[in-house]
Each structure stands twice: as C-alpha cells, then as structure tokens.
Engineer: 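Below are the structure tokens for one structure; questions will follow.
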Amino acid sequence: IVITRGRVMDPERQLDSVMNVGISGGTIVIVTADQLEGRRVINASGLVVAPGFIDILSYDPVEPGVWTKLADGVTTNLAMHGGTVDPDQWYRAVARQKPPLNYGASFFYNQARMRLIGDRYASSTPAIRRELLEIAGKALRRGALGVSFSLEYVPGVTGEEIIPAMALGAHHGVPTFFHARYSDMEEPGTNLDGLQEIIGYARRTGCAV
C-alpha cells in the first residue's frame, strides 16, 4: 500500500511534511518524498497522515464505540478509568469480541477494595491493605497497564492505601489514574483540594499521574 501526498505528522521524529508512505505486510517500511509505487495507492492530498491516536482514559472497548474511535483516528483504546481486577479474564473477554483496535486496562483498585470491604465509606485495616497490594501486584504482572482510583466514589480510601499502591506502580513503571475526590468548587472539598492531594501523592511516590 502506498499513501501519497499526505501531510505526514510523526511527533516522535518531529516530522511534519508532505510525504509518501509505503506499507508492506501491515508495517510502515518507508516514509519519503520520493515517488513510490504499490498495488494499492491512496491519494491523501489535503489530508493528515499520522500514527494512530491512543485514548489513554477510556472504558472497556465495546461496539459501536470502537468504530467511532477508529473514525476519529484512535487505534488504541485503554480502559484506564476503571479497568479490571483480573487482567487475564478481562483480556480474554475483550479478545472474544475481536475489536478492530489495540486495547488494554488498568488495575481497578476500587473494585478490588469493594470486594474485600463492601462499604465505600469504611476505612481499611493493615491486613486488607496488604491483601490489596498483593492483588494489585499480581494484576500488574499479568498485564494491567496502571493503577486507577475513583476517590469521589469510594471516599473511605485514604493516603494509607493510595501511597503504597502508587509506590507499587512506580516500581512497575506504570502510571496511576485518578477520578479525584472532589468534582466541584463548593466548600468543603474543592477541585483544587483534590488536585493538591493527588500531586502530593505523586511527589511522595515518584509515580506518574
């Protein structure tokens, strides 16, 4: 396949120019200003040719949403707002749907916590926190791409739980995703308070947020 005369934008190489792209066996093999020939030629004049976009804060890939994403240039759907407690089960379930894009998920801390405690307002015990860290560690080793928290929905989660989980994320080289504790500017507890809380955890643990 040859894509001709498109505005090729590749942030990794800082490329932004009208170029021709050659594809063989599903892999880009050449990007050049020289003329190319192929079995199939796509004229991209006036259009942008770019790597597929990665949606880093989505939910599980489902129809018809995945096709809408593709139409917008998204080729990777990452369920990092929520995610899963069991990556093996999640990846098998999504694979059965045969989605037309790449996919992945985070470890959903709140879901694991609710299974163990069952009360979104309750505090955790040291034993529960240790068990949650074990579950999180297993999930990260089995393909979870990060750790996600939804603090507004489970107010009982405190820094005693968040900091160790973020430290674990930093150890595995994965980010943490947050639905912050507050979603408005009404006192007590504002957006700014929620952001300061999360930034404080990032500073203490070195985990990307």
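Note: hydrogens, waters and symmetry copies are ignored here, and every other heavy atom, side chains too, is used.
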Engineer: Are Arg181 and Asp193 within salt-bridge range, i.e. N to O under 4.0 Å?
Structural biologist: no
Engineer: Does some side-chain heavy atom of Leu15 sit less than 4.5 Å from a side-chain heavy atom of Val8?
Structural biologist: yes
Engineer: Check whether any side-chain heavy atom of Gln97 lies under 4.5 Å from a side-chain heavy atom of Glu63, and answer yes or no.
Structural biologist: no
Engineer: Between Arg113 (side chain only) and Gly156 (backbone N and O only), is there a donor and an acceptor less than 3.5 Å apart?
Structural biologist: yes
Engineer: Check side-chain contact (heavy atoms from CB on, under 4.5 Å) between Asn191 and all other residues, then give those that pass, not counting sequence neighbours.
Structural biologist: Met185
Engineer: Measuring only between side-chain heavy atoms, which start at C-beta, is Tyr103 closer than 4.5 Å to Leu78?
Structural biologist: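 No; the side chains remain at least 4.5 Å from each other.
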Engineer: By the definition side-chain contact (heavy atoms from CB on, under 4.5 Å), identify the one residue from Val209, Ile56, Val147, Leu145 that meets it with Phe177.
Structural biologist: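 The residue from Val209, Ile56, Val147, Leu145 that satisfies side-chain contact (heavy atoms from CB on, under 4.5 Å) with Phe177 turns out to be Ile56.
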Engineer: State which residues pass side-chain contact (heavy atoms from CB on, under 4.5 Å) with Leu195; sequence neighbours excluded, sorted by chain then number.
Structural biologist: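 Residues passing side-chain contact (heavy atoms from CB on, under 4.5 Å) with Leu195: none at all.
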Engineer: How are the rings of His81 and His179 set relative to one another: parallel (under 30°), tilted (30 to 60°) or perpendicular (over 60°)?
Structural biologist: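 Ring orientation of His81 relative to His179: parallel.
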Engineer: Could you tell me whether the side chains of Thr84 and Asp86 share a donor-acceptor contact shorter than 3.5 Å?
Structural biologist: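 No.
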Engineer: Would you call the rings of Phe178 and Phe149 parallel, tilted or perpendicular, where under 30° means parallel and over 60° means perpendicular?
Structural biologist: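 The arrangement is parallel - the two ring planes meet at less than 30°.
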Engineer: Between the side chains of Lys69 and Asp72, is the shortest nitrogen-to-carboxylate-oxygen separation below 4.0 Å, so that they form an ion pair?
Structural biologist: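 No, Asp72 and Lys69 are not salt-bridged.
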Engineer: Please name the pair of heavy atoms, one in Gly38 and one in Val41, separated by the smallest distance, quoted to 0.1 Å.
Structural biologist: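 Minimum heavy-atom contact is O-CG2, 3.9 Å.
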Engineer: State, with a plain yes or no, whether a side-chain heavy atom of Val74 is found less than 4.5 Å away from one of Ile54.
Structural biologist: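 Answer no - side chains too far apart.
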Engineer: Within a strict 4.5 Å, meaning less than it, do heavy atoms of the Met80 and Ser148 side chains meet?
Structural biologist: no
